[in-house]
Undergrad: 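One structure is given below, represented as structure tokens, and several questions about it will come after.
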Amino acid sequence: MATVTIDTVGKHDGQSVTICGWLTHKRSSGRIRFLVLRDGTGTIQCTLIQGETSEQALDLYPELTHESSLTVTGTVRRDKRAPGGYEILASSIEVLQIAETYPISPKEHGVGFLMDHRHLWLRSSRQQAILRIRHAVVNAARKFFDDQGFTLLDAPIFTPSSCEGTTTLFETDYFGDRKAFLSQSGQLYMEAGAMAFGKVYCYGPTFRAEKSKTRRHLTEFWMIEPEIAFADLETIMKLAEALIVAIVEEVLETRRQELKLLGRDITRLEKIQPPFYVISYDEAVQILKDAGESLPWGEDFGASQETIVSNHFDKPVLIHRYPAQTKAFYMKNDPNRPEVALCVDMLAPEGYGEIIGGGQREDDPVILKEKIEKAELPAESFDWYLDLRRYGSVPHAGFGLGIERAVAWICGFEHVRESIPFPRLLDRLYP
RNA sequence: UCCCCAGUAGCUCAGUUGGCAGAGCAGAUGGCUGUUAACCAUCGGGUCCGCGGUUCGAGUCCGUGCUGGGGAGCCA
């Protein structure tokens, strides 16, 4: 007799096995009783029949509550009436714990209630499908970079300074006499890494103290950020496209069941093939103008404008060369058009908006120093960063992919909050 | 930070003109010889978000605070 997981039960037809899991449903009808067990690999129906099942198991049945933990031993048999095709005719049951009344019922719940019970909500099939897709997204991205000779270089979480704007920094006390900030991006450190390894990437959490209450914002989110030496804007635009193609391909290959469970229109994802659309900021402004939404040149897109542009295309669109004034200090200006930056954002289709942001970095030490001063950033915190331009500066470029936004788009969600196991939002730090 | 909406049983919600607090689900008990979010019957379950006000009388009207949801700006 073997202890087996539910996903492999079919291989043991006719044999006696033991399953460990949690009770998700129970039903009875006269002398027959059913237990539905979940173990993380799937669910299976166990049957208890008077005369065939032990008295011990039948006696336990009334005690069992939703989410009680137990092991069931019995014979696997194929049965058309069983969901999944197989069921277990139970011979004995061992209870690990009888659960208290479980708060999550099969009927509908509000978002606030479910978020308060996120630690239990993870047990539902829908949440498991989402987080398995997230796993596939992360795996695909890492495999993509690993296969192309990138080195994984972990960036620090505590940082002495900002790289995205000082108003959105989470501040922590660092042994009383100094302040440390939670990282908003690993990028600056990846630039140092690129000068050492050529091609690097990091994958980790980033923190932004934005007082944003929108469907796209978390205060803690995960990014994968590649950085390449001897690379320009064109290089990373191609790389970003190839990355998204690889991610979607992997999810379609390995997580099709999960996408179906979520009700995702898979044909929309099957369209995600190269080449993606590539337009300039100027062209995007024209698209907005044609849609009756005028935007003065020089301003960044708001949420509604991003949605209009994103809905305009059935595949991701890369928008390059934004006005330099809208972008961070480290972006390099286009030598042919100094008023625009050599940067790119990728907008996912179906109105999902920005999932990637990146560009070519300023590699001239004098210009970079000026930009740091102009941004009113503390010069001493960036001395090491200027060193990268003092000792063998080279053109280099990189980008960041927001994992939760990518997952939300692939799953077809309105909100990013279900794309991460324990979301951190403005006003939500529990559980 | 600003704008909009909501807060009634464990959950999702209804509650008429201001006049006795309701349903479904969940829970408990019983029934049913193969159930599929089973079904049927019975039962228990309330600080109507808090505070103040108007009124003979407030879940309902007014003020205020808190909490949750949606959106804006900003961003991945």
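Computed from a predicted model, the values in this text were never measured in an experiment. We use all heavy atoms of the structure for the numbers below, so side chains are in, but hydrogens, waters and symmetry mates are not. Naming: A, B, ... by sequence-line order, numbering from 1 per chain.
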Undergrad: Do the charged groups of A:Arg134 and A:Glu258 touch, with an N to O distance under 4.0 Å?
TA: no
Undergrad: Quantified in whole Å, what is the C1' atom distance between nucleotide B:A21 and nucleotide B:G15?
TA: 9 Å
Undergrad: Using a cut-off of 4.0 Å on non-hydrogen atoms, how would the nucleic acid contact of A:His117 be classed: base, sugar-phosphate, or nothing?
TA: nothing
Undergrad: Taking the side chain of A:Ile49 as heavy atoms from C-beta outward, which of B:G34, B:G69, B:A37 is closest to it?
TA: B:G34
Undergrad: Measuring only the P atom in each nucleotide, how far is B:G30 from B:C66? A whole number of Å is fine.
TA: 49 Å
Undergrad: Looking at A:Arg417, does any N or O in its side chain come under 4.0 Å of the phosphate oxygens OP1/OP2 on B:G70?
TA: yes
Undergrad: Closer than 4.0 Å, any side-chain N/O of A:Ser29 to the OP1 or OP2 of B:G34?
TA: yes
Undergrad: Distance between the C1' atoms of B:G22 and B:C5, in whole angstroms?
TA: 24 Å
Undergrad: Rounding to an integer number of Å, can you tell me how far A:Trp121 CH2 sits from B:C11 P?
TA: 16 Å
Undergrad: Any carboxylate oxygen within less than 4.0 angstrom of a Lys/Arg side-chain nitrogen, looking at A:Arg268 and A:Asp314?
TA: no
Undergrad: Where each residue is assigned the nucleotide of RNA chain B containing its nearest heavy atom, which of A:Asp300 and A:Lys26 is assigned the position nearer the 5′ end?
TA: A:Lys26
Undergrad: If I pick the P atom on B:A6 and the same atom on B:C49, what distance separates them, to the nearest angstrom?
TA: 13 Å
Undergrad: Ignoring backbone atoms, test whether A:Arg428 places a side-chain nitrogen or oxygen under 4.0 Å from the OP1 or OP2 oxygen of B:G69.
TA: yes
Undergrad: In terms of ring plane angle, is the pair A:Phe150 and A:Tyr201 parallel, tilted or perpendicular, where the classes change at 30° and 60°?
TA: perpendicular
Undergrad: Looking only at atom P, what distance separates B:C25 and B:U42, rounded to whole Å?
TA: 12 Å
Undergrad: Could you pick out which residue, A:Arg405 or A:Leu426, lies toward the 5' side of RNA chain B when each is mapped onto its nearest nucleotide?
TA: A:Leu426
